[in-house]
Amino acid sequence: MPPTGPQSVDRALAILDAVADAPGPLGAKALARRLECSLSTAYHLLAPLTERGYLLRTPRGYELGPRIPGLHRSLLRHMEPAPRMADRLARLRRSTGAEAYHTAYRGGLITVVDTTAPVTDAAHPFAPGRETRAHATAHGKALLAELPRPLRRRYLAEHGMARLTGATITSAELLEAELSRVRGQGFAVSVGEADPAYTCLAVALPRGRRDENREGDAVHALSVSLPTEEYRRRPGEIRTALARAAADCGGDRPGDPPRPFSDAAGNSARRGCAGPAGVPGWSA
């Protein structure tokens, strides 16, 4: 990413990114090479990062420090659309056998805020952090469908619609049709669009009237992902569990309208809404 501010700030943030992305500790010399700066400059940047707890100096090199978990907890607190979201994700994971996610749109970005996927599962296709594949993921489509058209167009213009698999939607016209279907049925689905082996389902969480159509407000979604072959064996069970989890989140926000896609039993309340072709158990 090209520098966008004072060089010292960009370099300090680049150090954090490098240490976070590394498989193990990084020494000052390695960091200086990555930043293409002198060793003295690297030490000059490392000192305040270490002093403030963002990095930890060990005999093997620099690692992320004790301040980092606190930042993540603060993010979860700031982004939490309902109390105890981590517990809700864990319950959704137990009821579906699929990894569960909380994602959000805020300030022009889509973020995977939290997930039940183990941090050691490097092969998993959806990890916490910035999401750049919104057009190809169920959680991305659920969030985009909730945005006013100008914000949606701006997001897609800034992030693009890269082809990730043979199933990825890369046409703005086709994506708009897909998002219209998502709004009608209350669900988004992605079958092999972001990763050829995975299916994900998502639903946007309800918002009160005061939140609608304001650029600064966050939009939240719950989603699950699992191998497509496993999903095809029990689509109804997974869809019902996701519907109940989303309704439970909405119940903690007074004044929010109920979602149209399910009744208390998780059955579709909008009959006749056809889902994507070839996805069993989608239509009511």
Legend entry - Test item: L35 and T41 side chains (from C-beta on) under 4.5 Å apart, heavy atoms: no
Legend entry - Intermediate values then yes/no, side chain to side chain contact (heavy atoms under 4.5 Å, CB included), T96 and E237: CA-CA 7 Å; T96 61; E237 173 190 338; over 6 Å; no
Inset, instruction - Could you point out which residue of V19, I15, L49, L46 forms a side chain to side chain contact (heavy atoms under 4.5 Å, CB included) with Y54? - result: L49
Legend entry - Shared hydrophobic cluster for V112 and V219 (ILVMFWY, side-chain gaps under 4.5 Å): no
Legend entry - More than 12 heavy atoms of other groups within 6.0 Å of R91 CZ: yes
Legend entry - The single option from E146, E158, E176 passing salt bridge (charged side-chain N to carboxylate O under 4.0 Å, His left out) against R152: E176
Legend entry - Residue pair V224 / Y231, side-chain heavy-atom distance below 4.5 Å: no
Inset, instruction - Kindly indicate whether the side chain of P227, heavy atoms from C-beta on, has any atom under 4.5 Å from the side chain of Y198. - result: yes
Legend entry - Option from L143, T111, V113, I110 for which side chain to side chain contact (heavy atoms under 4.5 Å, CB included) with E131 holds: I110
Inset, instruction - Using a 4.5 Å cut-off on heavy atoms from C-beta on, say whether the side chain of L156 contacts that of L175. - result: yes
Legend entry - Atom NE2 of H78: over 12 foreign heavy atoms under 6.0 Å: yes
Inset, instruction - Looking only at non-hydrogen atoms, find the nearest pair between H135 and I169 and report the distance. - result: CD2-O, 3.3 Å
Inset, instruction - Kindly indicate whether the side chain of F187, heavy atoms from C-beta on, has any atom under 4.5 Å from the side chain of L242. - result: yes
Legend entry - Shortest non-hydrogen separation from T168 to A162 and the atoms involved: CG2-O, 3.4 Å
